[in-house]
Novice: 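Here it is: the structure, laid out below.
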Amino acid sequence: MAEKPNWAEVNPPVIATFRANHGQVGGPFVASPILLLHTVGARTGQSRINPLTYLPDGDRFVVFASDQGASRHPDWFHNVVAGPTVQVEVGDRILAAIATVADEPERSELYARQVAALPRFGEYQERTSRTIPVVILTPSEPGAGARATGS
């Protein structure tokens, strides 16, 4: 596997592009719906923002703790487990949401849908021995979620 990206260097320009283009990001993300997940660092207590590919699921946003098939979960996953009250930035909107880790069989069903939409997620699972967690982001305000964004 190629060396894991340094997200501290990669994320800031992706976030800036996302905001400048109303949620659209080019390059490797051109065919992927992207959101910005706002969390609080589990150890540091500092605000964190991570651009993530998501799967719309009714009013919910589904994200995947793949870290491109790395051997450990990404930091943002530990943050949502420690503090499930998050914000989701989609397009020009910021929504309050609750993050929950999907249990089986829903986890596998959602992951299979993501692989069908973006086959690289199948490759990520093949690269690692861990089961990639699936996180469901449910907006706190009814009707404010994925379906309403037009994504």
Side-chain angles (χ1 to χ4, degrees), residues 1-102 110-128 132-141 143-151:
M1 179 172 108
E3 187 174 322
K4 180 179 157 184
N6 178 344
W7 298 120
E9 293 176 3
V10 172
N11 286 348
V14 172
I15 293 166
T17 301
F18 178 98
R19 289 178 171 158
N21 295 296
H22 313 286
Q24 300 299 311
V25 179
F29 303 109
V30 72
S32 306
I34 302 291
L35 59 75
L36 300 182
L37 177 63
H38 297 242
T39 62
V40 174
R43 289 189 316 254
T44 66
Q46 295 181 350
S47 295
R48 304 287 185 208
I49 301 174
N50 293 94
L52 301 173
T53 299
Y54 73 93
L55 176 72
D57 185 55
D59 284 343
R60 310 180 311 173
F61 304 91
V62 182
V63 293
F64 305 86
S66 66
D67 204 2
Q68 297 185 345
S71 61
R72 62 185 285 277
H73 299 321
D75 293 341
W76 68 260
F77 177 74
H78 301 288
N79 295 345
V80 300
V81 169
T85 300
V86 300
Q87 290 184 317
V88 179
E89 193 170 342
V90 181
D92 294 322
R93 300 174 16 183
I94 299 178
L95 309 169
I98 301 297
T100 55
V101 179
L110 291 168
Y111 203 87
R113 283 180 46 205
Q114 181 69 345
V115 170
L118 296 169
R120 69 179 180 262
F121 279 83
E123 297 167 15
Y124 299 160
Q125 185 60 77
E126 290 173 6
R127 290 180 191 163
T128 185
I132 294 174
V134 173
V135 177
I136 299 167
L137 306 171
T138 305
S140 302
E141 182 181 322
R147 183 175 302 145
T149 66
S151 297

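The structure presented is a predicted model; accordingly, all values stated were derived computationally and were not measured.
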Novice: What I'd like to find out is whether the side chain of Pro51 reaches to under 4.5 Å of the side chain of Asn11, using heavy atoms alone.
Specialist: yes
Novice: Side chain to side chain contact (heavy atoms under 4.5 Å, CB included) with Phe64: which of Val135, Leu55, Val115?
Specialist: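 With Phe64 as partner, side chain to side chain contact (heavy atoms under 4.5 Å, CB included) holds for just one option, Leu55.
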Novice: What closest approach, in Å, do Pro74 and Ala65 show between heavy atoms, and which atom pair accounts for it?
Specialist: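 Distance-wise, the nearest heavy atoms are CD-O, 3.4 Å.
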Novice: Got Leu137 and Leu35 here, is their nearest side-chain heavy-atom distance under 4.5 Å?
Specialist: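 Yes; the side chains approach each other to less than 4.5 Å.
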Novice: How long is the gap from CG on Asp59 to CG on Leu95, to the nearest 0.5 Å?
Specialist: 10.0 Å
Novice: Determine the minimum heavy-atom distance between Gly69 and Thr128, stating which atoms define it.
Specialist: O-CB, 3.4 Å
Novice: Can you tell me if Gln125 uses its side chain to pair, donor with acceptor, with the backbone of Ile132 under 3.5 Å?
Specialist: yes
Novice: Does any part of the side chain of Tyr54, heavy atoms only, come nearer than 4.5 Å to the side chain of Leu37, both counted from C-beta?
Specialist: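 Counting from C-beta outward, Leu37 and Tyr54 never come under 4.5 Å.
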Novice: Nearest 0.5 Å please: distance from the CZ atom of Phe18 over to the CG atom of Leu36.
Specialist: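 These two atoms lie 4.0 Å from each other.
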Novice: Examine distances only and state if a side-chain atom of Thr138 and a backbone atom of Arg60 form a donor-acceptor pair shorter than 3.5 Å.
Specialist: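 No; judged by distance alone, with no hydrogens or angles, the pair does not exist.
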Novice: For the CD1 atom of Ile34 and the CD atom of Gln24, what is their distance to the nearest 0.5 Å?
Specialist: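 With rounding to 0.5 Å, CD1 (Ile34) is 9.5 Å from CD (Gln24).
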Novice: For the backbone of Gln68 and the side chain of Arg127, can you confirm whether one donor and one acceptor N or O come within less than 3.5 Å of each other?
Specialist: yes
Novice: Is any side-chain heavy atom of His78 closer than 4.5 Å to a side-chain heavy atom of Arg43?
Specialist: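 They are not in contact (no side-chain heavy atoms under 4.5 Å apart), so the answer is no.
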Novice: Below 4.5 Å, heavy atoms only, C-beta onward: do Arg113 and Asp57 meet side chain to side chain?
Specialist: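 A side-chain contact exists here, since the closest heavy-atom pair is under 4.5 Å.
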Novice: I want to check something: taking the side chain as every heavy atom from C-beta on, are Gln114 and Val62 in contact at a cut-off of under 4.5 Å?
Specialist: no
Novice: Between Arg48 and Asn79, does a side chain to side chain contact (heavy atoms under 4.5 Å, CB included) hold up when you go through it step by step?
Specialist: CA-CA 9 Å; Arg48 304 287 185 208; Asn79 295 345; 4.0 Å; yes
Novice: Does any non-hydrogen side-chain atom of Phe121 lie less than 4.5 Å from one of Thr53?
Specialist: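 Yes, their side chains come closer than 4.5 Å.
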Novice: Looking only at non-hydrogen atoms, find the nearest pair between Ala42 and Ala82 and report the distance.
Specialist: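 Where Ala42 meets Ala82 most closely, the heavy atoms are CB-CB, 3.7 Å.
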Novice: Are any of the side-chain heavy atoms of Ser32 and Leu118 separated by less than 4.5 Å?
Specialist: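 Heavy-atom side-chain distance check passes, below 4.5 Å.
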